[in-house]
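Both counts, for ligands and for their atoms, begin at 1 and track the order of listing. Residues take their numbers from the sequence shown, with the count starting at 1. Predicted, not measured: the structure shown is a model, and the values here were computed from it.
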Amino acid sequence: MVLFKNQLYSGKVVLITGCAWGSIGAAVALQVCQLGAAGLAICGRREEPLKDAALRLENQSKTPVFYQSCDIRDPDAVESFVAAVVAKFGRIDVLFNNAGGQFPVMAENLNSKGFNAVIRNNLLGTWNMTSSVARLAFIPQFEKLTEAEKKGANEDDPTQSVPCCFPGMVHTGSARAGVDNMTKTLAVEWAKYQIKVNAVAPGTIVSTGTQRYPKEMLDKSRRVAPLQRLGTCEEVANICTFLGSDEAAGFITGQTFYMEARVWQETSLNFNRPSYKTEACVCVCVCGLNGPTECDRSDNPRLFFRSGGKQHHKMCMPKLFAAIFFALAGICVAGAIIGCVVLKKEIDSISRYDLNGTLAIGDYILDANSTTSNLTVTLRNNGNNNNIVNARYDSPRNSDLRKFIYVDMCFSGRVFDRDNSSIKIFTTVTKPYNGTIIQKITQQYVDNYVVNTTNPCVQIATCYSATTYFGFQESNTTAPSSFTVATNTTESTSIKGNIKNVCNVGILYTYPGIAIIAFACVAGAIIFLSFALACVLIGFIRMVMLGLLAVLLIGAAIAFAVLYHKI
Ligand SMILES: CCCCCCCCC/C=C/C(=O)SCCNC(=O)CCNC(=O)[C@H](O)C(C)(C)COP(=O)(O)OP(=O)(O)OC[C@H]1O[C@@H](n2cnc3c(N)ncnc32)[C@H](O)[C@@H]1OP(=O)(O)O
Ligand SMILES: NC(=O)C1=CN([C@@H]2O[C@H](COP(=O)(O)OP(=O)(O)OC[C@H]3O[C@@H](n4cnc5c(N)ncnc54)[C@H](OP(=O)(O)O)[C@@H]3O)[C@@H](O)[C@H]2O)C=CC1
């Protein structure tokens, strides 16, 4: 043992309660034995583990070990055990009240019997042993000392009291708080006997005891521990051995040593604890408002914005986020309202322009967004040297399920005799197409022009919307620039050409645009409202996680829909 001076416990008789191999008690026992203790007494309720531990200790040291089955909750059994130890070794120098324990349970599920069992085990049991050892050994030993020799014996209490709370184990928390006070009180009361009383609160230690605890509980304990690990029995033994040594810690008394500076609000067992309790808190100062909130809990980290030394209004992070999301939702609602108002105005203005009520929500203007459409011009000889000109306009949207509105449209063109060097026949073709709503059709504009020539030439010079309603711009469309046929047969010849948008619809661009904006605002409002609600209900972090999950799911659904559609 390099940590402590060789033979630090030389001549000392040590009593350790609870000493099954693998426990903290056994680790302390091994150290003191290897440091030359003159005698070791151990007890526990079950004899087998004691016997096993005694054998191992004697194998690894020269210290004689005395063991006896004893329940520390039973004062008579304790009294008789202590008496037996004194009889065996003649004295007791150091007592380690190590025996104890409990079971994890939520307070609301803990009955009086269970509470009593744990209080008895940890508080009453500790008292029983401490009192017996003091009365049967420490004090009589002290009394026998000469004045010069009265420098006392130690009592060290490795009980694990917890600093502020023990969620999930109220019974043992209460008991250990009692032990903590017992430590301080006895340290003062029994100082006159030179008895030093200290306690050790080790945090969570890997031992035969914690092996019985749920793995998740230990994992959580590990996560919240500042050092991100559990302690070992040897590490607890180190401080116990130190405190138990008059030589090493002779001036220390009435102290409880918390081995692990854990932050207790984070170490709570988190049974059904609302997530916002652990969220960071932002405290926004509003003078005059000082209503306490859950942020007042000491376990909520806070950011203070002080002003004039006045009280603060504290707002938890989730509430802050909820407020932000509510505000954004409000903006969206306002946007949606404005959008709807503008939309209504647009619709009103459209109807003013005499579309005869043919315009309805969801209608689109012909080719408003298309870049091309087809114009087919066909010359057909009717066998009588008369050529019939057919012009046909096909919307590229003819498979579109949306409604089209065809507003007045016409072709302008001329048909003439190409044999003649000058233009012999000059015909201007103008044919308005009255606006109607046609669903899912191929728009056709067909007209026949009879040209009395054997060798006609057709030129479609321009194509434009003849009548412009409000918002309809005249298009700069160009039909096939020239088109000639020389035919005296009954065959037809045709040419196709691109015509750019016939209708360039200003107002109806706005219409779906505004509709989309209004819809987006409503959707945004719904999203932000849900976020705000989620912030309050489940906290910001979880809300973000859920949001991401939702986005992923929606993305997957869209991808699936697109794929499905394509297939
Ligand atoms: C993030 C931070 C992470 C934190 C992570 C965790 C940190 C851990 C820190 C601490 C770790 C340790 O202490 S490790 C050490 C663990 N070692 C031990 O606990 C060993 C000693 N403990 C025990 O023997 C028992 O737990 C104890 C109850 C105290 C005594 O048991 P007994 O059977 O002798 O008790 P009895 O007197 O008969 O009374 C039994 C009654 O107790 C109640 N009872 C007993 N066991 C019960 C159980 N499992 N669940 C419910 N109730 C129970 C019932 O009411 C029983 O009554 P009936 O219904 O009528 O039977
Ligand atoms: N391990 C940890 O993380 C922590 C432990 N502690 C405390 O430290 C001490 C040792 O812990 P640990 O080694 O992990 O626990 P273990 O359960 O491994 O060992 C406890 C020992 O105490 C004995 N014991 C329990 N109750 C009694 C009783 N009524 N009378 C006599 N002996 C008893 C047990 O023997 P038997 O069952 O045969 O009686 C056993 O040998 C315990 O008091 C524990 O509560 C505190 C904080 C954390």
Side-chain angles (χ1 to χ4, degrees), residues 16-29 42-53 67-75 77-78 81 96-107 109-126 128-129 157-162 165-169 171-173 175-176 179 199-225 230-237 240 256-260 262-271 273 278:
I16 303 178
T17 65
C19 217
W21 200 250
S23 69
I24 293 173
V28 179
I42 57 176
C43 74
R45 290 166 298 185
R46 294 164 300 152
E47 196 168 318
E48 269 313 302
L50 290 174
K51 190 175 172 186
D52 170 60
Y67 64 88
Q68 184 172 308
S69 167
C70 162
D71 188 333
I72 57 169
R73 292 173 290 186
D74 176 353
V78 170
F81 169 62
F96 291 102
N97 275 314
N98 168 76
Q102 64 291 309
F103 48 91
V105 61
M106 286 306 293
N109 302 325
L110 176 62
N111 62 23
S112 166
K113 190 176 177 192
F115 189 88
N116 196 33
V118 175
I119 294 286
R120 289 178 66 233
N121 208 29
N122 295 285
L123 185 57
L124 183 69
T126 300
N128 287 341
M129 188 58 71
D157 180 354
T159 298
Q160 289 67 36
S161 57
V162 287
C165 60
F166 213 148
M169 296 209 264
H171 43 23
T172 209
R176 288 158 204 269
V179 171
V200 174
T204 306
I205 306 299
V206 179
S207 72
T208 42
T210 43
Q211 268 168 18
R212 293 194 287 264
Y213 278 68
K215 184 177 174 304
E216 313 79 62
M217 198 185 271
L218 298 179
D219 285 345
K220 169 133 181 131
S221 193
R222 181 181 295 110
R223 274 201 308 279
V224 299
L230 303 184
T232 65
C233 290
E234 288 66 35
E235 284 166 330
V236 183
C240 292
T256 297
F257 291 86
Y258 301 113
M259 291 182 62
E260 184 195 23
R262 61 170 59 187
V263 185
W264 274 91
Q265 67 274 19
E266 291 299 331
T267 63
S268 71
L269 302 177
N270 202 14
F271 293 117
R273 225 169 79 148
T278 53

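Residues N128 and F81 have side chains not in contact (no heavy-atom distance under 4.5 Å, counting atoms from C-beta outward).
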TODO: For side-chain contact (heavy atoms from CB on, under 4.5 Å), just list the numbers for V200 and M259, CA-CA rounded to whole Å, side-chain angles, deciding distance to a tenth of an Å, and then say yes or no.
DONE: CA-CA 7 Å; V200 174; M259 291 182 62; 3.8 Å; yes

Inset, instruction - Please step through side-chain contact (heavy atoms from CB on, under 4.5 Å) for the pair V206 and T232, ending with a clear verdict. - result: CA-CA 5 Å; V206 179; T232 65; 5.8 Å; no

Evaluate the criterion salt bridge (Lys or Arg N to Asp or Glu O under 4.0 Å) for residue pair K215 and D219; output intermediate values, then yes/no.
-> CA-CA 6 Å; K215 184 177 174 304; D219 285 345; 2.7 Å; yes

query: Which is it for I205 and I24 under the side-chain contact (heavy atoms from CB on, under 4.5 Å) test, yes or no, and what are the steps along the way?
result: CA-CA 8 Å; I205 306 299; I24 293 173; 4.1 Å; yes

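Checked by atom type and distance alone, the side chain of N98 pairs as donor or acceptor with a backbone atom of G18 at under 3.5 Å. Between the side chain of S207 and the backbone N or O of T210 there is at least one donor-acceptor pair closer than 3.5 Å. Remark: the backbone N or O of M169 is not paired with any side-chain donor or acceptor of T172 at under 3.5 angstrom.
Counting heavy atoms closer than 4.0 Å to ligand 2, residue C233 contributes nothing at all. Neither the backbone nor the side chain of V105 comes within 4.0 Å of ligand 1, counting heavy atoms alone. Using a 4.0 Å cut-off between heavy atoms, Q102 contacts ligand 1 through both its backbone and its side chain. At a heavy-atom distance under 4.0 Å, atoms from both the backbone and the side chain of D71 approach ligand 2. Both the backbone and the side chain of N98 come within 4.0 Å of ligand 2, counting heavy atoms alone. The part of R176 lying near ligand 2 is the side chain, judged by heavy-atom distances below 4.0 Å. In P49, neither the side chain nor the backbone holds a heavy atom less than 4.0 Å from any atom of ligand 2.
Ligand-side atoms of ligand 2 in range of R212: 17 (O), range being under 4.0 angstrom from any heavy atom. Listed by number with element, the atoms of ligand 2 under 4.0 angstrom from any heavy atom of T208 are 16 (P), 18 (O). Set against the non-hydrogen atoms of G114, the atoms of ligand 1 under 4.0 Å away are 42 (O), 43 (C), 55 (O). Heavy-atom proximity to R212, at under 4.0 Å, picks out these atoms of ligand 1: 16 (C), 17 (N), 18 (C), 20 (C). Near C19, with a cut-off below 4.0 Å to any heavy atom, the atoms of ligand 2 are 41 (O). Atoms of ligand 2 lying under 4.0 Å from any heavy atom of G101, numbered from 1 in the order shown and given with element: 43 (O), 45 (O). Counting the atoms of ligand 2 from 1 in the order shown, those under 4.0 Å from a heavy atom of N121 are 26 (N), 27 (C), 28 (C), 29 (N). For ligand 2 and A99, the ligand atoms under 4.0 Å from any heavy atom of the residue are 22 (O), 24 (N), 32 (N), 33 (C), 43 (O). Each of the following atoms of ligand 2 lies closer than 4.0 Å to a heavy atom of R73: 29 (N). Residue-ligand proximity, A117 to ligand 1, at heavy-atom distances under 4.0 Å covers atoms 37 (O), 39 (O), 42 (O). The atoms of ligand 1 that sit less than 4.0 Å from any heavy atom of N111 are 55 (O). Within ligand 1, counting atoms from 1 as listed, the ones closer than 4.0 Å to a heavy atom of K220 are 1 (C).
On a distance-only criterion, I24 and ligand 2 share at least one N/O pair closer than 3.5 Å. Looking at R45 next to ligand 1, an N or O pair under 3.5 Å apart turns up. Where the criterion is an N or O separation shorter than 3.5 Å, residue side chain and backbone included, T204 fails it with respect to ligand 1. On a distance-only criterion, I72 and ligand 2 share at least one N/O pair closer than 3.5 Å. On a distance-only criterion, T210 and ligand 2 share no N/O pair closer than 3.5 Å. Backbone and side-chain nitrogen or oxygen atoms of G25 are examined, and none is located within less than 3.5 angstrom of a nitrogen or oxygen of ligand 2. For ligand 2, the polar-atom distance check finds an N/O of I205 within less than 3.5 Å of one of the ligand's N/O atoms. The shortest N/O to N/O separation between S207 and ligand 1 does not fall below 3.5 Å. By the 3.5 Å distance cut-off applied to N or O atoms, C43 is not counted among the residues near ligand 2. Considering backbone and side-chain atoms alike, S207 places an N or O below 3.5 Å from some N or O of ligand 2. Ligand 2 has no nitrogen or oxygen under 3.5 angstrom from a nitrogen or oxygen of N122.
Atom OG1 in T126 sits 5.0 Å away from atom CG in N97 (nearest 0.5 Å). Once rounded to the nearest 0.5 Å, the distance linking CD of Q102 with CD1 of I119 reads 10.5 Å. Annotation: the span from L218 atom CG to R223 atom CZ amounts to 11.0 Å, rounded to 0.5 Å.
Remark: the N122 side chain and the R176 side chain contain an N/O donor-acceptor pair separated by less than 3.5 Å. Judged purely by distance below 3.5 Å, without hydrogens or angles, the side chains of T208 and Q211 never pair a donor atom with an acceptor atom.
Residue contacts with ligand 1 include R73, since one or more of its heavy atoms lies under 4.0 Å from the ligand. A99 does not count as a contact of ligand 1, since none of its heavy atoms falls under 4.0 Å from the ligand. Under a 4.0 Å heavy-atom criterion, G125 is not in contact with ligand 2. Ligand 2 lies out of reach of Q211, whose nearest heavy atom is not under 4.0 Å from it.
The two residues N121 and G100 make their nearest non-hydrogen contact at ND2-C, 3.6 Å. Taking both residues in full, the closest heavy atoms of T204 and S221 are given as OG1-OG, 2.7 Å, listed atom of the first, atom of the second, then distance. Across all non-hydrogen atoms, the minimal contact from I16 to C19 is CG2-SG, 4.3 Å. Shortest non-hydrogen contact noted between G101 and V118 is O-CG1, 3.9 Å.
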May I have the list of side-chain donor-acceptor pairs in residues 42-51 shorter than 3.5 Å, sequence neighbours left out?
none

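The heavy atom nearest to atom 31 (C) of ligand 2, out of those in C70, A201, G18, G231, is found in C70. Which of R222, R176, K113, M169 comes nearest to atom 8 (C) of ligand 1 through a heavy atom is settled by distance: it is M169.
Using a 30° and 60° split on the angle between ring planes, H171 and F115 fall in the tilted class, from 30° to 60°.
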